[in-house]
Amino acid sequence: MRIGKVIGTVTAAPLHEKLVGGQFKIVAPFSLNDLAPQDSEEGGRLTGQETLDELRERIAATQPSFRGDELVVYDDLNAGVGEWVAFSEGAEAAMAYYPNMKPVDACAAAIINTLELDHAALARLERGK
């Protein structure tokens with residue numbers, strides 16, 4: 001599962017009967033570095049806590065790395081443009097609708113209201129590289 005920002009919608013007609021009730025959204029995925037960038041002064045990951053609003057403001061003020069990696073995601077949660085979503089890709093995306101499978105390669109699983117990063121775990125990831 002990845003996290004991304006809804007940046008647009010796609011209109012398809014005719015719509016497959018199993019997709020009625022949802023929409024297709026254009027989602028720009030974030031990288032881990034977008035969410036927790038390197039701290040140039042400390043040489044490691046950020047150690048402070050950011051609220052989701054602060055994180056959104058920081059990402060909006062920088063150039064996130066998702067440019068060119070946007071994808072179309074099926075959304076039956078009604079996420080709006082500008083909202084952040086958690087989404088699945090591949091076979092896992094279709095399995096969310098089992099046994100009434102939908103013909104999708106990516107689906108929105110959640111609209112993100114809060115996001116908390118475990119900075120100790122991020123530091124361990126950095127040491128493991």
Side-chain angles (χ1 to χ4, degrees):
M1 188 166 296
R2 298 196 298 163
I3 296 172
K5 179 180 180 180
V6 176
I7 61 171
T9 60
V10 175
T11 303
L15 193 62
H16 189 282
E17 64 186 35
K18 289 190 176 186
L19 299 175
V20 172
Q23 299 176 336
F24 287 105
K25 304 291 172 73
I26 302 170
V27 175
F30 294 118
S31 70
L32 181 58
N33 198 50
D34 292 331
L35 299 174
Q38 296 291 324
D39 181 353
S40 58
E41 292 179 12
E42 299 296 323
R45 294 254 177 219
L46 293 175
T47 57
Q49 296 292 326
E50 284 181 296
T51 66
L52 189 58
D53 286 338
E54 291 168 339
L55 181 60
R56 284 181 172 145
E57 286 178 23
R58 180 174 51 75
I59 288 177
T62 61
Q63 290 294 335
S65 62
F66 60 69
R67 304 291 188 242
D69 292 331
E70 297 85 355
L71 66 154
V72 176
V73 173
Y74 178 73
D75 172 31
D76 59 358
L77 304 173
N78 202 26
V81 172
E83 290 191 287
W84 289 18
V85 294
F87 62 94
S88 296
E89 299 171 87
E92 291 81 11
M95 289 304 294
Y97 301 101
Y98 182 83
N100 301 317
M101 302 294 278
K102 296 189 183 289
V104 297
D105 289 329
C107 77
I111 298 173
I112 296 176
N113 293 322
T114 60
L115 179 67
E116 183 176 326
L117 299 174
D118 182 341
H119 294 282
L122 291 171
R124 287 192 298 274
L125 280 173
E126 282 300 306
R127 284 194 298 267
K129 287 184 177 180

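- Ala93 and Ser88 make their closest contact through CB-O, 3.6 Å (heavy atoms, listed as atom of the first residue, atom of the second, distance).
- Between Gln23 and Val6, every side-chain heavy-atom pair lies at or beyond the 4.5 Å cut-off.
- Considering every non-hydrogen atom in both Phe87 and Val27, the closest pair reads CE2-CG1, 3.8 Å.
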Intermediate values then yes/no, side chain to side chain contact (heavy atoms under 4.5 Å, CB included), Leu71 and Arg2:
CA-CA 12 Å; Leu71 66 154; Arg2 298 196 298 163; 4.0 Å; yes
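- Residues Asp105 and Glu89 are not in side-chain contact: their nearest non-hydrogen atoms beyond the backbone lie 4.5 Å or more apart.
- With values rounded to the nearest 0.5 angstrom, Ile26 atom CD1 is found 8.0 Å from Glu70 atom CD.
- Taken from CZ in Phe30 to CD1 in Ile112, the straight-line distance is 8.5 Å, to the nearest 0.5 Å.
- Nearest heavy atom pair, residue Glu83 against residue Asn78, reads OE1-O, 4.3 Å.
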Verdict with reasoning, Val85 to Val73, per side chain to side chain contact (heavy atoms under 4.5 Å, CB included):
CA-CA 10 Å; Val85 294; Val73 173; 5.6 Å; no
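- Residues Val20 and Tyr74 share a closest heavy-atom pair of O-OH, 4.2 Å.
- Using a 4.5 Å heavy-atom cutoff, the side chains of Trp84 and Ile3 are in contact.
- The shortest non-hydrogen separation linking Val72 to Val10 is CG2-CG2, 4.1 Å.
- Considering all non-hydrogen atoms of both residues, Met1 and Ala109 come closest at CE-CB, 3.7 Å.
- Cys107 places none of its side-chain heavy atoms less than 4.5 Å from the side chain of Asp75.
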